[in-house]
**Student:** 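This is the structure I want to talk about, given as structure tokens.
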Amino acid sequence: MVFLLSCLFRLLLWTLLTADLSGVNLAIGVGLALLLPHARGPRQPMAPALRALWRSLIAVPLAYGEALALIGSGDREEESWIERPAGDPRHRLLIFLEVLAITLTPFTIVLGLSNGPRGPHYTIHQLRPRRGKPEEVQP
Amino acid sequence: MTLLLWGMVLALLIPIAVVCRPCSVWDRMAAFGSIASKVALITMVVAVLRGDWMLGLVGAISLSAGNAGMLLLANLLREVER
Amino acid sequence: MSLLFLGAGLALWFWGTWPLLEQRSYLSKLHKLSVSDTLGSGLMLLGLLLRIPSQWPLLALALLGLVVWNTIFGYVLARCSQPAEVNQR
């Protein structure tokens, strides 16, 4: 399934780059998508990757909302370090999409992935508009 | 549109000024990455203004190739600093 | 409409790039740079797309590449600029 997805993605890039939907050009694109080397590794489940893809798509409007919130907050922001549970670290596509979705939104940046006692989790740096009384910033 | 282009060049001057001042190497990397995407965007806008699609292709390719070299350089610097 | 998008993108550029000149923590600069470079440039590309719809494949490719590359660039810079013990935590 992941194989099919990566082929479709390459075909999409090819058609966007050439902007040509004729038969010959599509055949070249399909051949190129099949022939370029594919990632090897264990079989990867499909459903979590699709869900992560969906989440990174809806992260785009969310990112604009957060940017407006940051602009509206002026200079009063608070920084914090938080941790968030992550997906299976062996599943590379899933990790890539999750990192993309988290880093795309301006409040959060992923700093690393580590294996704790409670399973894998991301270390995230967060910048939020401050509400209420000012707090001590954790370094 | 010309006003917009002037504004974009003015925004481009900010990271250039950052690079010219003495600052840490990571600040410098961030500023260079910013310069790269700004210059590519200015290329696209100029292409649309002049209706010249060869120039637009250059901008699109430099946006989609991205700053892969900067990514490699950042990883290299981290290994060196360790 | 197209001019509105372009102007909004330019405003995001200025807002997000200005903190580079100030003395702040590095990570908060990166947060704001992601606003300016990814979201602001995305708005500008949308404005160009509205202006010239006939060239949409090229602009869509540029938009996709811009969002993915700039986001990953921010992540790599943030991760690599941290000392090693933070990553191990």
Side-chain angles (χ1 to χ4, degrees), chain B residues 1 3-8 10-19 21 23-38 40-45 47-49 51 53 56-57 59-68 70-82, chain C residues 2-3 6-7 9-24 26-27 29-30 32-34 36-38 40-42 44-45 47-49 51-52 54-55 57-70 72-84 87:
Chain B
M1 279 306 262
L3 200 68
L4 185 89
L5 207 55
W6 274 104
M8 289 171 88
L10 213 62
L12 178 63
L13 282 182
I14 300 176
I16 290 180
V18 172
V19 170
R21 300 195 315 184
C23 58
S24 83
V25 66
W26 295 108
D27 278 327
R28 224 164 262 225
M29 296 271 294
F32 271 123
S34 170
I35 290 176
S37 55
K38 282 184 172 52
L41 244 288
I42 289 178
T43 314
M44 296 287 285
V45 170
V48 170
L49 268 183
W53 277 104
L57 199 61
I61 286 177
S62 66
L63 269 184
S64 54
N67 25 31
M70 299 288 281
L71 300 191
L72 287 180
L73 198 59
N75 274 304
L76 192 69
L77 268 178
R78 184 174 64 144
E79 292 300 316
V80 167
E81 279 184 353
R82 198 172 269 174
Chain C
S2 146
L3 268 184
L6 287 170
L10 188 62
L12 281 189
W13 266 25
F14 271 111
W15 184 83
T17 321
W18 192 252
L20 274 181
L21 285 172
E22 299 168 359
Q23 300 294 326
R24 281 170 169 275
Y26 183 66
L27 285 172
K29 282 183 197 171
L30 273 187
K32 294 185 172 168
L33 207 59
S34 85
S36 117
D37 279 358
T38 313
S41 308
M44 283 188 173
L45 277 182
L48 292 186
L49 194 64
R51 192 165 275 259
I52 317 248
S54 65
Q55 288 285 342
L58 193 65
L59 286 174
L61 185 68
L63 196 60
L64 186 68
L66 174 86
V67 170
V68 173
W69 272 108
N70 259 332
I72 295 304
F73 182 64
Y75 160 62
V76 168
L77 268 192
R79 176 173 182 154
C80 292
S81 66
Q82 292 307 302
N87 285 332

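Everything numeric here is computed off the predicted structure, so don't read it as measured data. A, B, ... follow the sequence lines: proteins, then strands. Residue 1 opens every chain.
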**Student:** Need one label for B:A68: side chain, backbone, both or neither, based on atoms under 4.5 Å from any heavy atom in chain C.
**Tutor:**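 Contact with chain C: backbone and side chain both.
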**Student:** Distance from B:L5 atom CG to C:L6 atom CG, nearest 0.5 Å?
**Tutor:**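 Between atom CG of B:L5 and atom CG of C:L6 there are 10.5 Å.
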**Student:** Which heavy atom in C:N70 sits nearest to a heavy atom in B:S37, and how many Å separate them?
**Tutor:**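 Taking every non-hydrogen atom into account, ND2-CB, 3.9 Å.
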**Student:** Once rounded to the nearest 0.5 Å, what's the spacing between atom CG of C:L61 and atom CD1 of B:I61?
**Tutor:**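 It is 8.5 Å, given to the nearest 0.5 Å.
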**Student:** Below 4.5 Å, heavy atoms only, C-beta onward: do C:M44 and B:M44 meet side chain to side chain?
**Tutor:**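 Of all side-chain heavy-atom pairs linking B:M44 with C:M44, none is under 4.5 Å.
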**Student:** Could you tell me whether a side-chain N or O of B:R78 sits under 3.5 Å from a main-chain N or O of C:R79, the two making a donor and an acceptor?
**Tutor:**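 No, B:R78 side chain to C:R79 backbone: no donor-acceptor pair under 3.5 Å.
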**Student:** Within this structure, what is the CE-OG distance for the pair B:M1 and C:S2, rounded to the nearest 0.5 Å?
**Tutor:**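 If I round to the nearest 0.5 Å, the distance is 6.0 Å.
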**Student:** Atom CZ of residue position C:F14 - does it have more than 12 heavy atoms of other residues, nucleotides or ligands inside 6.0 Å?
**Tutor:**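 Count over threshold, so yes.
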**Student:** Just how far is it from atom CG of C:L64 to atom OG of B:S64, taken to the nearest 0.5 Å?
**Tutor:**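 That separation rounds to 9.0 Å.
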**Student:** Could you state the interatomic distance from OG1 (C:T17) to CG (B:L12), rounded to the nearest 0.5 Å?
**Tutor:**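 The OG1 atom of C:T17 sits 9.5 Å away from the CG atom of B:L12.
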**Student:** Side chain, backbone, both or neither: which part of C:S36 has a heavy atom under 4.5 Å from chain B?
**Tutor:**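 Answer is side chain: those atoms of C:S36 sit under 4.5 Å from chain B.
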**Student:** What heavy-atom pair brings B:N67 and C:W69 nearest, and what distance separates the two atoms?
**Tutor:**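 In this case the closest contact between B:N67 and C:W69 is N-CE3, 4.5 Å.
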**Student:** Shorter than 4.5 Å, heavy atoms on both sides: which option in B:A60, B:A11, B:G56 has the most such pairs with chain C?
**Tutor:**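 Of the options given, most contacts go to B:A11.
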**Student:** What distance separates B:M29 CE from C:Y26 OH, expressed to the nearest 0.5 Å?
**Tutor:**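 B:M29 atom CE to C:Y26 atom OH measures 7.0 Å (nearest 0.5 Å).
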**Student:** Run the side-chain hydrogen bond (donor to acceptor under 3.5 Å, both in side chains) test against C:S41 and tell me which residues pass, sequence neighbours left out.
**Tutor:**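 C:W13.
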**Student:** Among B:L77, B:V18, B:L71, who wins on heavy-atom pairs under 4.5 Å with chain C?
**Tutor:**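 Heavy-atom pair counts peak at B:L71.
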**Student:** Could you tell me which portion of B:V45 (side chain, backbone, both or neither) has an atom closer than 4.5 angstrom to a non-hydrogen atom of chain C?
**Tutor:**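 Contact with chain C is through both the backbone and side chain of B:V45.
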